[in-house]
Amino acid sequence: MGFFSKILNTFKSIRLNDKNPVNGQELDFLLVGSMYAEQQSAYLNSYETGLNKSDITELVATYWGIYNQNDAVEALQNLHYKNQDDNINIVYKAVEDKQNYVEILKSGLPNDKATFHYYLDLYRKMNNVIPELIEQKIITDFSQLKKTKDSAWNYGRGVFLSRCCYELGYLSEKELKEYIAKSYAGIKSYCSTWQEYTNSYIFGRAIWAGSNNSGMIQIADDLLNNEKSPLKNKKYL
């Protein structure tokens, strides 16, 4: 799927599967991937994405380096692991205490140069992104991100990516359902409401891609307020 197609898809409305929808608790599990699904104009309410197989193949291969079952399992596990990365907590501590950030990072992060610079770069990106999110009224202050972190960005991408891998035969239906359920259980440790979920996703995406959050903000607003959206009448995860 080309760049301009993605931009256009950002402004398409909610897409639902009327023939084979998922309901109840399983729908809640599935909606953890709703931000990414909406980015791709995929179904929000079914295991099937509704996308062309060629588009799915390109997405998982080009953007995720997934060509087989082993690649899929590794990529999906890595997205869960990102939420248990203790070094990230050091970076958050440094963002909260900027006057002492050098000492916090030096004393808390591994000594190896490449690793240290990776997390230093994250620290710098957060410092650029957080004021923008406050200006855009996504958050009121940094404290709102201390609990949620970028968990929705990680779990959300994982859930949608697992649907793609299922459609390509890299995951069984049982493995797909287990992964999605585990993702839902995981994100509940960070986000209590779907509003926190969308904010956390926007934060994570902004760290990765920088400014220009308007498309993500519009997607979040659509998911939370559009009458057709499965999230419209849901508040708590």
Side-chain angles (χ1 to χ4, degrees), residues 1-10 29-30 32-44 46-88 91 110 112-122 124-126 129 149-184 186-187 200-213 215-216 219:
M1 185 178 292
F3 174 75
F4 290 109
S5 296
K6 286 188 174 183
I7 295 293
L8 290 172
N9 282 340
T10 297
F29 296 171
L30 201 61
V32 174
S34 57
M35 284 289 287
Y36 198 2
E38 186 69 355
Q39 274 182 267
Q40 301 296 329
S41 277
Y43 289 139
L44 297 179
S46 65
Y47 297 122
E48 300 91 341
T49 63
L51 302 178
N52 294 327
K53 188 173 181 179
S54 59
D55 287 339
I56 298 173
T57 302
E58 181 184 356
L59 186 149
V60 303
T62 304
Y63 295 100
W64 293 92
I66 296 174
Y67 297 91
N68 53 48
Q69 183 181 31
N70 289 338
D71 292 340
V73 171
E74 182 178 356
L76 294 172
Q77 287 179 340
N78 283 342
L79 284 169
H80 277 187
Y81 168 75
K82 286 179 180 292
N83 300 293
Q84 281 87 50
D85 182 357
D86 290 335
N87 291 330
I88 291 289
V91 175
D112 113 81
K113 191 174 179 180
T115 303
F116 182 85
H117 280 277
Y118 170 78
Y119 289 103
L120 176 61
D121 186 48
L122 270 183
R124 289 168 173 160
K125 287 178 178 176
M126 284 188 194
V129 161
K149 299 186 172 64
D150 61 345
S151 57
W153 173 243
N154 300 320
Y155 284 117
R157 288 181 300 161
V159 167
F160 180 70
L161 190 59
S162 69
R163 293 171 63 193
C164 294
C165 291
Y166 164 64
E167 289 200 275
L168 294 176
Y170 299 156
L171 293 182
S172 68
E173 184 172 336
K174 180 174 182 289
E175 290 170 328
L176 169 71
K177 290 181 177 178
E178 287 176 351
Y179 184 83
I180 291 175
K182 187 176 180 182
S183 299
Y184 181 80
I187 200 170
S200 170
Y201 190 96
I202 292 169
F203 173 52
R205 206 248 184 199
I207 292 173
W208 177 71
S211 300
N212 301 317
N213 297 310
M216 291 298 100
I219 285 175

Stepwise side chain to side chain contact (heavy atoms under 4.5 Å, CB included) test for L79 and Y179: CA-CA 11 Å; L79 284 169; Y179 184 83; 4.1 Å; yes
Which residues pass the side chain to side chain contact (heavy atoms under 4.5 Å, CB included) test with [X], not counting sequence neighbours?
X: N212; answer: none
X: E48; answer: N17, N20, S46, E167
X: D71; answer: I66, Y67, N68

With the side chain counted from C-beta on, respond yes when [X] and [Y] share a heavy-atom pair under 4.5 Å apart, and no when they do not.
X: L76; Y: Y170; answer: no
X: R163; Y: L30; answer: yes
X: N154; Y: I187; answer: no
X: Q40; Y: T49; answer: no

With rounding to the nearest 0.5 Å, note down the distance linking [atom1] in [X] to [atom2] in [Y].
X: W153; Y: M216; atom1: CH2; atom2: CE; result: 7.5 Å
X: C164; Y: E58; atom1: SG; atom2: CD; result: 12.0 Å
X: L171; Y: S162; atom1: CG; atom2: OG; result: 6.5 Å
X: L51; Y: L59; atom1: CG; atom2: CG; result: 8.0 Å
X: L176; Y: C165; atom1: CG; atom2: SG; result: 9.5 Å
X: I56; Y: L168; atom1: CD1; atom2: CG; result: 5.5 Å

Listed partners of [X] passing side chain to side chain donor-acceptor pair (under 3.5 Å), at least two apart:
X: Y166; value: none
X: S183; value: H80
X: D86; value: none
X: K174; value: E178

Salt bridge (Lys or Arg N to Asp or Glu O under 4.0 Å) against K53, all qualifying residues, sequence neighbours excluded: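 Residues passing salt bridge (Lys or Arg N to Asp or Glu O under 4.0 Å) with K53: none at all.
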Qualifying residues under salt bridge (Lys or Arg N to Asp or Glu O under 4.0 Å), relative to D121, sequence neighbours excluded: K125
For residues 200-209, run the donor-acceptor check on the side chains, cut-off 3.5 Å, and write out each pair with its distance to 0.1 Å, sequence neighbours left out.
residue: S200; atom: OG; partner: K149; partner atom: O; Å: 2.8
residue: S200; atom: OG; partner: S151; partner atom: N; Å: 3.2
residue: S200; atom: OG; partner: A152; partner atom: N; Å: 3.0
residue: Y201; atom: OH; partner: Q39; partner atom: OE1; Å: 2.5

Derivation and outcome, side chain to side chain contact (heavy atoms under 4.5 Å, CB included), residues V91 and N87: CA-CA 7 Å; V91 175; N87 291 330; 5.8 Å; no
Set of ring-ring contact (aromatic ring centres under 6.0 Å, His included) partners for Y47, sequence neighbours left out: none
Residues forming a ring-ring contact (aromatic ring centres under 6.0 Å, His included) with Y36, sequence neighbours excluded: F160
Worked verdict on L120 versus R124 for side chain to side chain contact (heavy atoms under 4.5 Å, CB included): CA-CA 6 Å; L120 176 61; R124 289 168 173 160; 3.6 Å; yes
